[in-house]
Q: 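Below you'll find the structure I mean.
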Amino acid sequence: MIERRTLSRKVFLYANYIFLTLFSITCLFPIIHMAALSFSSNAAVSAGWVTIWPVDFNLDSYKYIFSNNIFMSTVLVSFQRVILGVSLSLTLTVLAAYPLSKSNLKFRSRTIYSWFFVITMIFNGGLIPTFMVVKETGLMDTIWALVIPSAVNVFNIVLMLNFFRTQPPELEESAQMDGAGSLRTLWSIYLPISKPSLATIALFSIIFHWNSWFDGMIYMNSPSNYPLQTYLRTVIVSRDLTNMNASDLSLLANISNRTVMAAQLFVSMLPVLCIYPFLQKYFVKGIVLGSVKG
Amino acid sequence: MELKGTRKRRFSTGAYHMMLLPAVILVLIYSYGPIVGIVIAFQDFIPSNGWFNSEWIGFDNFKYVFGMPDTMQVIGNTLFISLLKMIVGIIFPLGLAILLNEVKNVVFKRTVQTVVYMPYFISWIILSGILIDILSPSGGIINNFLGLFGFEPIYFLGDGAWFRFVIVASHIWKELGFDTIVYLAAILSIDKSLYEAAALDGAGHIKQMWHITLPGMKPIIVLLSVLSLGNILNAGFDQVFNLYSPQVYSSADILDTYVFRIGMEQMQYGVATAVGLFKSFVSFIFICTSYLLAYKLANYRIF
């Protein structure tokens, strides 16, 4: 299409570029501002000089948080949680999705199982009964409380089974001609070709586990078992540095609640900011496929 | 021949059942277990007695809840915040998608998309920390900036009206990118020849937007709006819970935070479960209605 560039059209296009640029800055600004705060000195921060660039650049707040045992132990809990949670839910998702992807002719109980899972997408017991079940099953105050109740994600199972379903049935038939059982077929034929789907689900699940905080708050009794986000919440709410010890005092001159908080927030964001660009392309496809189907 | 076929099938479905077993057990315990636990909404529940040994009191918990003045206030807050989020949450992404679609420079377009989409992946805990800092009346950057123009510091998170504004604005800020991508995809699927025909007939860009782009997107707009009805009682637990404080309870308490406060903090398990059940029941009706509408209006099906 040949486009005639009238003056009003040109004005619109430039205004559009400027608007979108400003808008993107609005989205980035709070994050850059936090990073700038975390690298600045206490004095500059309290004087309100810091916007998007550090003033009196220093790493004191980072030295402080990395020597803070509680912060580091919650980071460790979060990493453990991500590794355990992601491997558990990937395993369960694949194992459940494979049989469910079979046709009703091959696997007649399929319909019953599907309803069994789908019902839980619509109904749930709510906060209190769920809390009590977790408590009764003895998971309180262990890392399992953070990974087991959420291990079966029906949405992921549906995603995975739809992927399995798009594969040609000849694949499986030929494997079974060669004498492979179901588990063997799944492991050696289906898994290698489902890497893109597995990656999507793994990334979904990494973000989910890294960002979760509520279960840490209600299922963990001692703060040393908190995952990072739950710990951050206690820091945000109480905003104090009571866990500071004498060796930190030398750093005190240059740090404050605000710079330490900014550093903690920034460190907690980093993993997400690092994997997000890889995640995006899968995600975009997923959303578009999931929403524009109708 | 017949026999061989059956035997083969029986063998393989056995393996299928085994594969499903772990997921089935976990769902039975952690999804169906709590559904059974809903019975405590109808009891004067005493935790040490277990789920079935407390005194059954029929609908007394519900009567008690709806007799409290707080409850109506909370339902009102929930509806107000979530309706506002819904309306603004359609207009902004739609507008952004239309503007982005006008951009011909691919690199610029992709960069804007990536940046706008980013807050979606950051947790509400981190975003709350950021918001609390930048909105702080003492030294927060927003108030510093307003101060340059001689404004008095505004206590954004401590004043009911401002709090609601912050909730809706920060919700849009976080979720915008997600819906924008859906709308962009819908724009891309509009037949290009329609635009050429319109241009030949002398329609300018604004007219094309009005008569082609918007009507072309009508199905997806209707679909997303209708589907969001099912979420009408979810006004955003993570967000409100991490930003609010007793000062703004009267204008910010939503059903989920209310359940948390009466359940986990005041230990009134039966009452909290009753509120939760009421919420699930109403949500369920809304979900069914919205899917029925989505099917009628946009021919949408989940499966």
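Just the heavy atoms: all of them, side chains too, but no hydrogens, waters or symmetry mates, feed the values below. Below, chain A is the first sequence line, B the second, and so on; all start at residue 1.
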Q: Please classify the contact between A:Leu273 and chain B as side chain, backbone, both or neither, with a heavy-atom cut-off of under 4.5 Å.
A: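 For A:Leu273, side-chain heavy atoms alone lie under 4.5 Å from chain B.
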Q: I'd like to know which of B:Val259, B:Ile40, B:Val112, B:Val24 tops the heavy-atom pair count under 4.5 Å against chain A.
A: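 Highest number of pairs under 4.5 Å: B:Val24.
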Q: Measure distances from A:Phe116 to the heavy atoms of chain B and classify the residue's part below 4.5 Å as side chain, backbone, both or neither.
A: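 Looking at A:Phe116, backbone and side chain both touch chain B.
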Q: Under 4.5 Å between any side-chain heavy atoms of A:Phe23 and B:Val115, yes or no?
A: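 SC-SC contact between A:Phe23 and B:Val115 ruled out.
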Q: Side chain, backbone, both or neither: which part of B:Phe237 has a non-hydrogen atom closer than 4.5 Å to chain A?
A: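 For B:Phe237, side-chain heavy atoms alone lie under 4.5 Å from chain A.
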Q: Is any side-chain heavy atom of B:Tyr183 less than 4.5 Å from a side-chain heavy atom of B:Leu224?
A: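 The answer is yes; the side chains approach within 4.5 Å.
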Q: What part of B:Asn242 gets closer than 4.5 Å to chain A, counting heavy atoms only: side chain, backbone, both or neither?
A: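 Looking at B:Asn242, backbone and side chain both touch chain A.
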Q: Relative to chain B, which segment of A:Ile157 carries a heavy atom at a distance below 4.5 Å: side chain, backbone, both, or neither?
A: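 It is neither, since no heavy atom gets under 4.5 Å.
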Q: For each of B:Ile287, B:Ile134, B:Thr114, tally heavy-atom pairs with chain A at distances under 4.5 Å, and name the one with the top tally.
A: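 It is B:Thr114.
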Q: Side chains of A:His209 and A:Ser150, heavy atoms from C-beta outward: is any pair under 4.5 Å?
A: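 In contact.
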Q: Considering only heavy atoms, which portion of A:Tyr276 lies under 4.5 Å from any heavy atom of chain B: side chain, backbone, both, or neither?
A: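 Only the side chain of A:Tyr276 comes within 4.5 Å of chain B.
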Q: Is any side-chain heavy atom of B:Trp124 closer than 4.5 Å to a side-chain heavy atom of B:Ser170?
A: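 Yes - at least one pair of side-chain heavy atoms lies under 4.5 Å apart.
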Q: Look at A:Thr137, A:Val154, A:Leu186 and state which one has the largest set of heavy-atom pairs under 4.5 Å with chain B.
A: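 Answer, by heavy-atom pair count under 4.5 Å with chain B: A:Thr137.
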Q: What residue, out of A:Gly48, A:Pro30, A:Ser109, has the most heavy-atom pairs lying under 4.5 Å from chain B?
A: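 Highest number of heavy-atom pairs under 4.5 Å: A:Pro30.
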Q: Sequence neighbours left out, cut at 3.5 Å: what donor-acceptor pairs do the side chains of residues 262-269 of chain A make with other protein atoms?
A:
{"unit_1": "A:Gln264", "atom_1": "NE2", "unit_2": "A:Tyr231", "atom_2": "OH", "d": "3.4"}
{"unit_1": "A:Ser268", "atom_1": "OG", "unit_2": "A:Gln264", "atom_2": "O", "d": "2.5"}

Q: Side chain, backbone, both or neither: which part of A:Ala151 has a non-hydrogen atom closer than 4.5 Å to chain B?
A: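 The side chain, not the backbone.
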Q: Name the region of A:Leu100, side chain, backbone, both or neither, that has any atom closer than 4.5 Å to a heavy atom of chain B.
A: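 Only the side chain of A:Leu100 comes within 4.5 Å of chain B.
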Q: With a 4.5 Å cut-off on heavy-atom pairs, point out which of B:Ile122, B:Asn144, B:Leu28, B:Thr111 contacts chain A the most.
A: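 If we count pairs closer than 4.5 Å to chain A, B:Ile122 comes out on top.
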Q: Just so I understand: if I count every heavy-atom pair under 4.5 Å between each of B:Ile35, B:Leu99, B:Val103, B:Leu176 and chain A, which residue has the most?
A: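 The answer is B:Leu99.
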Q: I'd like to check B:Lys104 versus A:Leu13 (side-chain heavy atoms, cut-off strictly below 4.5 Å). Are they in contact?
A: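 In short, these two side chains do not touch, never coming nearer than 4.5 Å.
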Q: A:Thr51 versus chain B, heavy atoms under 4.5 Å apart: side chain, backbone, both or neither?
A: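 Contact with chain B: backbone and side chain both.
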Q: Can you check whether A:Met217 reaches A:Gln229 side chain to side chain, under 4.5 Å on heavy atoms?
A: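 SC-SC contact between A:Met217 and A:Gln229 ruled out.
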Q: Under 4.5 Å from any heavy atom of chain B, what part of A:Leu127 do you find: side chain, backbone, both or neither?
A: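 Just the side chain, heavy atoms under 4.5 Å.
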Q: How about B:Leu100 and B:Gln113: do any of their side-chain heavy atoms sit closer than 4.5 Å?
A: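 Yes; the side chains approach each other to less than 4.5 Å.
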Q: Could you tell me if the side chain of A:Ile207 sits less than 4.5 Å from the side chain of A:Ile275, heavy atoms only?
A: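 A:Ile275 vs A:Ile207: side chains touch.
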Q: Contact part of A:Leu139 toward chain B, heavy-atom cut-off under 4.5 Å: side chain, backbone, both or neither?
A: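 Side chain only.
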Q: Do you know which of B:Val275, B:Val116, B:Val27 has the most heavy-atom pairs under 4.5 Å to chain A?
A: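 Between B:Val275, B:Val116, B:Val27, the count favours B:Val27.
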Q: Take atom OH of B:Tyr32 as the centre, draw a 6.0 Å sphere, and report whether it contains more than 12 heavy atoms from other residues, nucleotides or ligands.
A: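 Atom OH in B:Tyr32 is crowded, with more than 12 foreign heavy atoms closer than 6.0 Å.
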Q: Counting only heavy atoms not in A:Glu136, do more than 12 sit closer than 6.0 Å to its CD atom?
A: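 Not more than 12 within 6.0 Å, no.
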Q: Please classify the contact between A:Leu232 and chain B as side chain, backbone, both or neither, with a heavy-atom cut-off of under 4.5 Å.
A: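 A:Leu232 touches chain B through backbone and side-chain heavy atoms alike.
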Q: Chain B heavy atoms under 4.5 Å from A:Phe29: which part of the residue, side chain, backbone, both or neither?
A: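 Contact with chain B involves the side chain of A:Phe29 alone.
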Q: Taking A:Ser89 for the side chain and A:Val152 for the main chain, is one N or O donor matched with an acceptor at less than 3.5 Å?
A: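 Not confirmed, A:Ser89 side chain does not pair with A:Val152 backbone.
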Q: With a 4.5 angstrom heavy-atom cut-off, which part of A:Val50 approaches chain B: side chain, backbone, both or neither?
A: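 Backbone only.
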Q: Of the backbone (N, CA, C, O) and the side chain (C-beta and beyond), which part of B:Phe284 lies under 4.5 Å from a heavy atom of chain A, both, or neither?
A: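 Just the side chain, heavy atoms under 4.5 Å.
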Q: Once the angle between the rings of A:Phe155 and A:Phe204 is folded into 0 to 90°, is it parallel (under 30°), tilted (30 to 60°) or perpendicular (over 60°)?
A: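 Ring orientation of A:Phe155 relative to A:Phe204: perpendicular.
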Q: Counting only heavy atoms closer than 4.5 Å, note whether A:Ser46 contacts chain B via side chain, backbone, both or neither.
A: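 Neither part.
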Q: Taking every heavy-atom pair that is under 4.5 Å apart, which of B:Met18, B:Met118, B:Met19 has the most such pairs with chain A?
A: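 Highest number of pairs under 4.5 Å: B:Met19.
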Q: Under 6.0 Å from the NZ atom of A:Lys135, do we count more than 12 heavy atoms belonging to anything else shown?
A: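 No, because the 6.0 Å sphere around NZ of A:Lys135 holds 12 heavy atoms or fewer from other groups.
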Q: Of the backbone (N, CA, C, O) and the side chain (C-beta and beyond), which part of B:Asp256 lies under 4.5 Å from a heavy atom of chain A, both, or neither?
A: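 Answer is neither: B:Asp256 stays 4.5 Å or more from chain A.
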Q: Give me the ring orientation class for A:Tyr113 and B:His17: parallel if the planes are under 30° apart, tilted from 30 to 60°, perpendicular past 60°.
A: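 It falls in the tilted class, 30° to 60°.
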